[in-house]
Amino acid sequence: ENVIVSVETEASDAISIFPATREIPTLGKGENRTLSPFAISPNPVSPVYSGTYFLTISTEINGQLFSKQIALELKAV
């Protein structure tokens, strides 16, 4: 079964993430994969304000949920 990795933010009015999910083919023992990048940019239809925005990266493997929250610092110019 393939693994889905998703990136989300509660500040979707300020930040745009594309694509929101990526699929990783099932790995065999000793294999690894490189995940294609996600594009994270200011939302073009909303004003952007300087500040810290939080992104959550999550996936589910063998029924177990894994997630990590990271901080993204934006400075409007």
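Not counting sequence neighbours, the partners of Ser58 by the side chain to side chain donor-acceptor pair (under 3.5 Å) test are Ser6. By the side chain to side chain donor-acceptor pair (under 3.5 Å) test, Glu73 is found to be paired with Thr52, residues two or more places apart in sequence or in another chain being considered. Taking the side-chain contact (heavy atoms from CB on, under 4.5 Å) definition, one finds that Asn43 meets it with Val45, Ser46, sequence neighbours left out.
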Would you list the atom pairs, donor with acceptor, under 3.5 Å between side chains in residues 16-23 and any protein atom, with sequence neighbours excluded?
{"residue": "Arg22", "atom": "NE", "partner": "Ser36", "partner atom": "O", "Å": "3.1"}
{"residue": "Arg22", "atom": "NE", "partner": "Pro37", "partner atom": "O", "Å": "3.2"}
{"residue": "Arg22", "atom": "NH2", "partner": "Pro37", "partner atom": "O", "Å": "2.6"}
{"residue": "Glu23", "atom": "OE2", "partner": "Asn2", "partner atom": "ND2", "Å": "2.5"}

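In the hydrophobic clustering of ILVMFWY residues, with side-chain heavy atoms under 4.5 Å counting as a link, Leu74 and Tyr49 come out together. Both Val5 and Leu72 belong to a single network of hydrophobic side chains, linked directly or stepwise wherever heavy atoms of I, L, V, M, F, W or Y lie under 4.5 Å apart.
The environment of CD in Glu10 is sparse: at most 12 heavy-atom neighbours from other residues, nucleotides or ligands sit within 6.0 Å.
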Please evaluate residues Asn32 and Leu27 with respect to the criterion side-chain contact (heavy atoms from CB on, under 4.5 Å), reporting the C-alpha separation (whole Å), side-chain torsions for both, the decisive distance (0.1 Å), and the verdict. CA-CA 7 Å; Asn32 61 38; Leu27 298 174; 5.6 Å; no
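In this structure the side chain of Phe54 never reaches within 4.5 angstrom of the side chain of Ile70, judged on heavy atoms. Taking the side chain as every heavy atom from C-beta outward, Ile4 and Thr59 never approach each other to under 4.5 Å.
Applying the side-chain hydrogen bond (donor to acceptor under 3.5 Å, both in side chains) rule to pairs touching residues 61-72 yields nothing, sequence neighbours excluded.
Here Leu55 contributes atom CG and Ile15 contributes atom CD1; the two are 5.5 Å apart, rounded to the nearest 0.5 Å.
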